[in-house]
Number of protein chains: 2
Amino acid sequence: MSRLSPTARVILGLLRLGPHTGYEIKQTTDRSTRFFWGASYGQIYPELRRLEEAGLAVAAEQPRGGVRRRVYRITPAGEQAVQEWLTGDDDEFGVRDEGLLKLFFGAALDGEELAELVRRRRAFFEEVAAHFRGIGEELGPLDNPSAEVLTYGIGLMDWNAAWWAALEERIGTGPDGVSPRSG
Amino acid sequence: MSRLSPTARVILGLLRLGPHTGYEIKQTTDRSTRFFWGASYGQIYPELRRLEEAGLAVAAEQPRGGVRRRVYRITPAGEQAVQEWLTGDDDEFGVRDEGLLKLFFGAALDGEELAELVRRRRAFFEEVAAHFRGIGEELGPLDNPSAEVLTYGIGLMDWNAAWWAALEERIGTGPDGVSPRSG
DNA sequence: CAATGCATGTAATAGGTTACATGATTTC
DNA sequence: GAAATCATGTAACCTATTACATGCATTG
């Protein structure tokens, strides 16, 4: 019972909710987990084959007209693997933020350049927050754990937007603000 | 003037602040940018060679006793590359959060298992927040853009801890909470 | 003198994206 | 009949971590 690879975790999690083709898995992850756990075709198709080989999923050829189509279903062994993963306690967490990296090196920027970076970053998070709110309105009110993650995304983007907005203020207000190369 | 690779961005940013060996770059990133932009030896040493080859950095052999030692300095071309990168507007942002992924599939967990996941996650963020606060106390009060990113880290960890704590409350309080498989 | 820290490097492995190739079906 | 969508797959490439090998210098 070897450990599930990162992409296997989303795939098997989705297969638990019902049969999917590789294509559908890509669509679904793009619309749901993408923000905190993405998957690309280059990972999905080979991984589905591996899951099949490992007995965690089974594929059925279900062509639609002349279109080749492999629908995958989870097996009992797959269900068990999902349970084991879900109840395990080794949970990865990571942030990759180039705006923050630039801010860290911000002393190399003049006042106007720094202000532009901060403004751009605030705007970015505001846009993403608005985008997530749009998704929330499309879906309507939901009451399950999956819906919580959308709330999380909105909250996180709001928090980021507010943080950069606060920094924007501090920069604009003289000696107590951050100290760029020149003012 | 080709684009800087991800690891080249931190390296060159640090070299701009002064000469460094590969070893020092690893130490410094581990203590500063690691949270949002890491670097490993397997990337650092080959990248330093590439930067040298590209004329963005120069190395000087400065052995300490019998210990081989290559100290890298940034070149004018390197300074320019940093400026171009810093003022560019294509800033990567990404989150990887396995706790969130598990929560997304949380309907597969019973009440107790879900509660345990949420509790563990809250505790994790509280610990990291405390860790960052410790770093802040070590450093003392600072007044430059670099210090802002520590404030960010503390704030983000606090926000996450609070979010999971709030979820913990919602789960504990009956019909308005999330809906696990049972319980 | 043992342990730790300074220092450089590589090989194996993992994980990932992007772009491309291919072709049928559905919708406008 | 053109464009979009459904559908599968791979090759090239990039990015990264981990573990290992090596050896000197410093500190206790």
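Everything numeric here is computed off the predicted structure, so don't read it as measured data.
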Nearest-nucleotide 5' precedence on DNA chain C, A:G42 against B:E24: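 In this pair, the answer is B:E24.
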
Closest-nucleotide 5' rank along DNA chain C - winner of B:G22 and A:A39: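 Residue closer to the 5' terminus by nearest nucleotide: B:G22.
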
Value in whole Å for how far the [atom2] atom of [N] lies from [atom1] of [X]:
X: A:I44; N: D:dC6; atom1: CD1; atom2: C1'; value: 14 Å
X: A:R34; N: C:dG16; atom1: CZ; atom2: P; value: 14 Å
X: A:Q27; N: D:dT5; atom1: CD; atom2: C1'; value: 9 Å
X: B:R70; N: D:dG23; atom1: CZ; atom2: P; value: 19 Å
X: A:Y45; N: D:dA11; atom1: OH; atom2: P; value: 16 Å
X: B:R50; N: D:dA16; atom1: CZ; atom2: P; value: 10 Å
X: B:F36; N: D:dA16; atom1: CZ; atom2: P; value: 14 Å
X: A:R31; N: D:dT5; atom1: CZ; atom2: C1'; value: 11 Å

Just N and O in the side chain of [X]: are any of them under 4.0 Å from OP1 or OP2 of [N]?
X: A:Y23; N: D:dT8; value: no
X: B:Q43; N: D:dT15; value: no
X: A:R69; N: D:dA7; value: yes
X: A:R64; N: D:dA7; value: yes
X: B:T7; N: D:dA16; value: yes

Distance flag, aromatic centroids of A:Y152 and A:F36, threshold under 6.0 Å: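 A:F36 vs A:Y152: aromatic centres not under 6.0 Å.
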
A:E126/A:R122 ion pair, N-O < 4.0 Å: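 Result for this pair is yes, salt bridge flagged.
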
Residue whose nearest DNA chain D nucleotide is more 5′ - A:P46 or B:G66: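 Result of the comparison: A:P46.
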
Pairwise side-chain contact, B:L15 with B:L12, heavy-atom cut-off 4.5 Å (strictly under):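 Sidechains of B:L12 and B:L15: in contact.
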
Close side-chain approach of B:P63 and B:R68, heavy atoms under 4.5 Å: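 The answer is no, as the side chains (C-beta and beyond) never meet within the 4.5 Å cut-off.
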
Among D:dA16, C:dG15, D:dG9, the one nearest B:R96 by side-chain distance: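 Given the options D:dA16, C:dG15, D:dG9, the side chain of B:R96 is closest to C:dG15.
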
B:P6 side-chain proximity, nearest of C:dT25, D:dA16, C:dT17: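 Nearest nucleotide to the side chain: D:dA16.
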
Touch class at under 4.0 angstrom, heavy-atom based, for B:T21 against every strand present: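 Sugar-phosphate contact only.
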
Short side-chain to backbone donor-acceptor contact, A:R9 and A:L4, under 3.5 Å: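 Yes: the side chain of A:R9 pairs with the backbone of A:L4.
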
